[in-house]
Amino acid sequence: MLILGIETSCDETSCAVVKCENNRFFVLSNIISSQIKFHAPYGGVVPNLAARKHLQNILPVTKKALKKAGIVPNNLDFIAVTQGPGLIPALLVGTMAAKTFSYFWHKPLLGIHHIEGHIYANFIENKIENNLDEISKFEVSNSPVKFPLLCLVVSGGHTQLIDFSSPTEFDILGETLDDAIGEAFDKVASVLGLPYPGGPEIERVSEKGDSHAVTLPIPLEHDDSMNFSFAGLKTAVRTYVEKELPKQHETYKEFFVADVAASFQRVAFTHIAQKAEKALKQTGYKQLVVGGGVASSQRLTDILFSYFEEKEIKVELFVPNRKYCTDNASVIAGYASNLLEQE
Ligand code: KG4
Ligand code: ZN
């Protein structure tokens with residue numbers, strides 16, 4: 001079975017061809033055309049600009065994906081497209097393109113939930129860190145993920161803890177009350193004068209910083225819910241930077257930025273770890289599957305892992321390969337193949 005995947009929910013125009021054979025799954029092509037440089041001057045994604053860029057990119061990116069996979073439209077069995085959630089003007093371009101291809105190429109069309117694609121990234125390739133005695137500490141595997149499990153979605157638009165009792169049955173245990181975590185990283189980066197997208201920049205500059213240099217409150221630390229909040233933390237960083245940055249000597253500003261970035265990153269990820277701990281305790285699950293753009297942060301994996309180890313929480317932690325964490329069409333096509341196989 002050959003599936004063409006299309007993803008245009010935010011600022012990446014992506015088309016991929018995946019092949020599914022005897023329950024095995026291969027990414028034949030995964031083309032991603034990023035619009036980051038067009039949105040960077042605005043410090044975030046401008047929906048109508050994103051739609052205009054998707055419109056320019058969608059046909060060349062589709063052609064490239066088919067060519068790289070060595071196939072023609074006639075070889076396809078299905079077309080899968082992200083139908084939401086995402087930016088409406090951006091989603092419309094992908095869904096209209098997919099409907100047009102489906103009509104002219106006489107191929108069935110499947111609408112896919114963007115977040116399910118992020119989670120599915122774990123089924124393509126993932127790294128596992130676990131503190132369960134019977135499994136080696138670090139290994140790369142195809143898909144040892146087993147239900148029921150706890151899922152943590154950390155992206156530019158979502159921060160959620162989801163109880164998946166089976167691949168198709170889930171219950172949202174907690175979510176952000178205000179900003180999504182990726183959004184908070186992007187905003188804090190902008191306060192620190194770092195370019196968009198802020199997450200990778202904060203991770204980069206943090207390497208030279210002291211993560212305990214700045215005292216910041218861990219959000220909702222004494223709250224029993226499994227919800228998240230990043231608005232207060234973001235404001236605390238802004239207030240601190242506005243007060244302290246002008247006092248810094250030019251030579252030391254770089255170190256100041258590194259310290260604030262590292263401290264913010266530690267607190268934001270510790271908040272995530274504390275809420276994941278509550279969800280693991282409540283469900284009794286031993287597997288935590290992470291998905292979304294922020295999952296590409298090595299620091300997130302490190303903090304989750306060391307937090308669980310310190311608290312003696314036995315858990316297997318799954319994180320997708322970095323290249324499948326941020327928005328891309330192979331996970332959309334992959335999730336579609338998964339759905340089709342179950343039918
Ligand atoms: O999942 P994604 O590609 O798009 C949405 O569906 O939102 O996530 C994009 C978000 C951005 O906010 C970006 O700053 C964040 O993921 N991100 C990171 C890292 N890499 C990407 N955040 C923290 N650390 C990273 N290394
Ligand atoms: Zn996404």
Side-chain angles (χ1 to χ4, degrees), residues 5-14 16 30 32-36 39-40 42-47 50 54 81-88 90-91 94 112-122 151-160 175-176 179-192 194-207 209 211 228 230 233-234 237 261-273 290-304 319-332 334-335:
I6 299 175
E7 155 68 44
T8 66
S9 68
C10 193
D11 59 346
E12 260 97 30
T13 317
S14 178
N30 188 25
I32 305 169
S33 169
S34 173
Q35 308 173 359
I36 283 175
H39 298 284
Y42 304 97
V45 181
V46 182
H54 285 314
V81 63
T82 303
Q83 64 178 14
L87 305 172
I88 302 294
L91 285 163
I112 300 295
H113 193 287
H114 180 74
I115 299 299
E116 286 174 332
H118 273 309
I119 298 167
Y120 189 77
N122 281 281
C151 181
L152 169 68
V153 177
V154 278
S155 75
H158 291 77
T159 318
Q160 292 180 322
E175 58 192 327
T176 184
D179 293 352
I181 183 163
E183 196 182 347
F185 268 79
D186 295 337
K187 287 178 180 165
V188 165
S190 135
V191 166
L192 291 172
L194 300 169
Y196 173 84
E201 286 297 315
I202 288 192
E203 186 173 21
R204 184 180 62 77
V205 302
S206 288
E207 276 167 28
S211 66
F228 301 96
F230 295 96
L233 176 59
K234 180 188 70 187
V237 173
S263 303
F264 162 73
Q265 188 178 238
R266 178 184 57 80
V267 170
F269 290 159
T270 305
H271 173 37
I272 297 276
V290 190
V294 183
S296 42
S297 167
Q298 181 56 43
R299 207 59 206 120
L300 173 63
T301 306
D302 293 346
I303 288 181
L304 285 174
V319 185
N321 183 309
R322 208 175 173 121
K323 67 181 181 225
Y324 297 120
C325 282
T326 43
D327 293 346
N328 73 91
S330 73
V331 301
I332 299 302
Y335 185 65

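We count ligands from 1, going down the list as the structure has it; atoms in each ligand are counted the same way. Remember, predicted model here, so these are calculated numbers, not experimental data. Note that the numbering runs from 1 along the sequence shown for the chain.
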Go through the side-chain N and O atoms of Gln35 and Ser33 and say whether any donor and acceptor fall under 3.5 Å apart.
no
Have a look at Asp327 and say which of its N, O or S atoms is nearest the Zn ion (ligand 2).
OD1
Quick one: does His114 get a heavy atom under 4.0 Å from ligand 1?
yes
If we ignore hydrogens and angles and just use 3.5 Å, is the side chain of Asp327 paired with the main-chain N or O of Thr8 as donor and acceptor?
no
What residue and heavy atom of the protein are closest to atom 18 (C) of ligand 1, and at what distance?
Gly199 CA, 3.4 Å
Check: Gly292 main-chain N/O paired with Ser155 side-chain donor or acceptor under 3.5 Å:
no
Looking only at distances, can you tell me whether any N or O atom of Thr326, backbone or side chain, sits closer than 3.5 Å to an N or O atom of ligand 1?
no
Which of the numbered atoms in ligand 1 are under 4.0 angstrom from any heavy atom belonging to Phe185?
23 (C)
Is the centre of the His39 ring less than 6.0 Å from the centre of the Tyr196 ring?
no
For atom 17 (N) of ligand 1, closest protein heavy-atom neighbour
Gly293 O, 3.8 Å
Give the numbers and elements of all ligand 1 atoms closer than 4.0 Å to a heavy atom of Gly157.
7 (O)
Has the side chain of His113 got a donor or acceptor atom that lies under 3.5 Å from a matching backbone atom of Pro85?
no
Kindly say whether Ala16 contributes a backbone atom to a donor-acceptor pair with the side chain of Ser330 at under 3.5 angstrom?
no
Atom 3 (O) of ligand 1: closest protein heavy atom, distance to 0.1 Å, is Asp327 N, 3.1 Å
Apply ring-ring contact (aromatic ring centres under 6.0 Å, His included) to the pair Phe230 and Phe264, showing each step before the final yes or no.
CA-CA 10 Å; Phe230 295 96; Phe264 162 73; 7.8 Å; no
Could you establish whether Ser296 and ligand 1 come within less than 4.0 Å of each other, counting only heavy atoms on the residue side?
yes
For atom 26 (N) of ligand 1, what's the nearest protein heavy-atom neighbour? Residue, atom name and distance, please.
Glu203 OE1, 2.8 Å
Nearest 10°: the angle subtended at the Zn ion (ligand 2) by His114 NE2 and His118 NE2?
100°
Taking the minimum heavy-atom distance to atom 13 (C) of ligand 1, which of Val294, Asp186, Leu300, Asn328 ranks first?
Asp186
Tell me which part of Gln298 gets within contact of ligand 1: side chain, backbone, both or neither, using heavy atoms under 4.0 Å.
neither
Flag, side chain of Asp186 to backbone of Gly198, donor-acceptor distance under 3.5 Å
yes
Atom 10 (C) of ligand 1: closest protein heavy atom, distance to 0.1 Å, is Gly156 N, 3.6 Å
